[in-house]
There are 2 protein chains.
Amino acid sequence: MNKAHKLHKHTDDCHPDHSHDQALKRALQVLKTSSLKGTQARIAMLEFLTEKHGPFSPEDLHRMLKEKNMDLVTIYRTLAAFEKIGLVRRCDFGDGISRYEFESEKSHHHHVICKSCKRIDNIDKCAAQKVQRVVEEMGYSDISHNMEFFGLCSDCKSKG
Amino acid sequence: MNKAHKLHKHTDDCHPDHSHDQALKRALQVLKTSSLKGTQARIAMLEFLTEKHGPFSPEDLHRMLKEKNMDLVTIYRTLAAFEKIGLVRRCDFGDGISRYEFESEKSHHHHVICKSCKRIDNIDKCAAQKVQRVVEEMGYSDISHNMEFFGLCSDCKSKG
DNA sequence: TTTCGTGCAAAACCTTTGCAAAGTG
DNA sequence: CACTTTGCAAAGGTTTTGCACGAAA
């Protein structure tokens, strides 16, 4: 069974300001800083991720970048590398599939996934910051978080 | 490789009021209401989960309830059934392992996982409620959420 | 040139499924 | 007794690993 790989596109624009190229430049900079080589595969993935934003599963990326003839394994390894240096964030929608999204201060947000039609909406407000302060007070540093919401969207509700 | 299965115990008491048995009673009630049979396996798991609370992976439970001679598959199926009727909540710590925790209104909370020593602390404050209101305004109903924090605990920080 | 990254094949791992036997109400 | 649940075995799907070849600095 090929679970819920095809999820709806976002219903709102993540980047109405067309700041893709800036994000890409910064990303390539981070790559250098981390002494990772600027290979074709990595550049192709960063171009895609900064423009389309996500979240995408490794298989999604493999399919959507198939003209680049990259191995799925390379995509897994590249995403792991990107995650380690903070270029992407891993999302978990609870279906056993990892999804990744380009991460930057500006772009940080969370999602609601409709339990029925699997559509994804962005939530711009990140209330986790208040909790983050609590976590800091507990003595933690270098804090990150995951937060996803699940619900029934209005369309699915009205359809019964 | 057997990833981070052995996580530290919580460093604070979840239930200083010893309300295990009450929670267990209510859980068994929910079982009946959902027309699920009160089998040995289910009762053993509920006893364990209401007392020790979690979060536990299926394998954790299998190991810790090994005197009951339950098959791992039974544990998977039971957890799935419990999750469906809201008796447990699934947590994702981003390491590819599902962990489950007994869920009740009183017990609802989130975690911080130390990236280094894997210790888990509870966060009692659930700031997700404000975001939940935003999600409601977007038209969603029947909303649930996952939220986990990751950081470096003070012990690990001082050890370098 | 030296180090790092990629592709391919295979393995590891967690989770799910099918079916006969046993248990529950 | 009718129906659900369990155990066992096997399969499924995602992710990881090993190694030789190729690419980047």
Side-chain angles (χ1 to χ4, degrees), chain A residues 1-7 27-46 48 55-63 65-85 87-88 90-100, chain B residues 1-7 28-46 55-63 65-85 87-88 90-100:
Chain A
M1 190 197 321
N2 212 347
K3 295 179 227 162
H5 259 284
K6 290 154 195 161
L7 295 163
L28 293 172
Q29 199 59 44
V30 174
L31 219 56
K32 270 190 189 168
T33 312
S34 311
S35 50
L36 293 183
K37 296 190 174 177
T39 64
Q40 285 184 212
R42 286 171 181 166
I43 292 170
M45 283 180 65
L46 281 178
F48 185 88
F56 301 112
S57 70
E59 208 175 290
D60 287 338
L61 291 165
H62 188 233
R63 190 172 356 92
L65 293 170
K66 63 168 175 292
E67 74 272 15
K68 308 275 180 184
N69 281 98
M70 302 169 55
D71 196 284
L72 222 202
V73 174
T74 299
I75 292 177
Y76 272 98
R77 287 195 267 227
T78 304
L79 288 170
F82 286 177
E83 190 185 17
K84 195 176 294 179
I85 61 178
L87 244 27
V88 299
R90 208 183 79 92
C91 308
D92 193 297
F93 295 174
D95 61 357
I97 295 173
S98 312
R99 292 183 177 78
Y100 296 84
Chain B
M1 192 197 318
N2 212 347
K3 297 178 223 161
H5 258 284
K6 290 154 195 160
L7 295 164
L28 293 171
Q29 199 58 44
V30 173
L31 220 55
K32 270 190 188 167
T33 311
S34 312
S35 49
L36 293 182
K37 297 194 172 176
T39 64
Q40 284 184 213
R42 287 169 181 165
I43 292 170
M45 282 179 65
L46 281 177
F56 300 110
S57 69
E59 208 174 291
D60 286 338
L61 291 164
H62 188 233
R63 188 171 0 92
L65 293 170
K66 62 170 176 292
E67 73 273 14
K68 308 276 178 182
N69 281 98
M70 304 170 54
D71 196 283
L72 223 202
V73 173
T74 300
I75 292 177
Y76 273 97
R77 286 194 268 227
T78 305
L79 288 171
F82 286 177
E83 190 184 17
K84 196 176 293 178
I85 60 177
L87 242 30
V88 299
R90 208 182 77 93
C91 307
D92 192 301
F93 295 174
D95 61 356
I97 295 173
S98 314
R99 291 183 177 77
Y100 295 83

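Chain letters run A, B, ... following the sequence lines, proteins first, then strands; residues in each count from 1. These numbers come from the heavy atoms of this one structure, side chains and all, not from hydrogens, waters or symmetry mates.
- Closest of all the heavy-atom pairs between A:Pro58 and A:Leu79 is CG-CD1, 4.0 Å.
- Look at CD on B:Glu59: it is 16 Å from P on C:dA12, rounded to the nearest Å.
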Between protein and nucleotides 1-3 of chain D, what N or O pairs are separated by less than 3.5 Å?
unit_1: D:dC3; atom_1: O2; unit_2: B:Lys37; atom_2: NZ; d: 3.2

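- Counting only heavy atoms from C-beta outward, the side chains of B:Asp92 and A:Arg90 approach each other to under 4.5 Å.
- For DNA chain C, the neighbouring residues in residues 67-77 of chain A, judged by any heavy atom under 4.0 Å, are A:Asn69, A:Met70, A:Asp71, A:Val73, A:Thr74, A:Arg77.
- Under the 3.5 Å distance criterion, the side-chain polar atoms of B:His62 are left unmatched by any main-chain donor or acceptor of B:Asp71.
- Rounded to whole Å, the distance from CG on B:Asp95 to C1' on D:dT16 is 14 Å.
- Within the 4.0 Å cut-off from OP1 or OP2 of C:dG5, not a single side-chain nitrogen or oxygen of A:Thr78 is found.
- Listed candidates were C:dT6, D:dT6, D:dT15. Nearest to the side chain of B:Ala41 is D:dT6.
- Put simply, CZ on B:Arg63 is 11 Å from P on C:dC14, counting in whole angstrom units.
- Expressed to the nearest 0.5 Å, how far CG of B:Leu61 lies from OH of B:Tyr76 amounts to 10.5 Å.
- Atom-to-atom, NE2 of B:His62 to P of C:dT15 comes out at 14 Å; the value is rounded to the nearest Å.
- Atom P of nucleotide C:dC14 and atom CG of A:Asp92 are separated by 16 Å, given to the nearest angstrom.
- What separates CG of B:Leu31 from C1' of D:dT4 is a distance of 12 Å, to the nearest Å.
- OP1 and OP2 of D:dT14 both lie 4.0 Å or more from every side-chain N or O belonging to A:Ser57.
- Looking at every heavy atom in both residues, B:Ser57 comes nearest to B:Arg99 through N-CG, 4.0 Å.
- Rounding to the nearest 0.5 Å gives a distance of 9.0 Å between CG of B:Leu65 and CZ of B:Phe56.
- If you measure from atom CZ of A:Phe82 to atom P of C:dG5, you get 11 Å, rounded to the nearest angstrom.
- Across A:Glu59 and A:Leu72, no two heavy atoms sit closer than the pair N-CD2, 4.3 Å.
- Across all strands shown, A:Ser98 has heavy atoms under 4.0 Å from sugar-phosphate atoms exclusively, and none from any base.
- In plain terms, the two heavy atoms of B:Thr78 and B:Thr74 that are nearest each other are OG1-O, 2.6 Å.
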When the side chains of residues 32-40 of chain B are checked against the rest of the protein, which donor-acceptor pairs come out under 3.5 Å, sequence neighbours left out?
unit_1: B:Thr33; atom_1: OG1; unit_2: B:Gln29; atom_2: O; d: 2.9
unit_1: B:Ser34; atom_1: OG; unit_2: B:Val30; atom_2: O; d: 2.8
unit_1: B:Thr39; atom_1: OG1; unit_2: B:Arg42; atom_2: N; d: 3.3

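- One atom, CD of A:Gln40, and another, P of C:dT6, lie 10 Å apart when rounded to the nearest Å.
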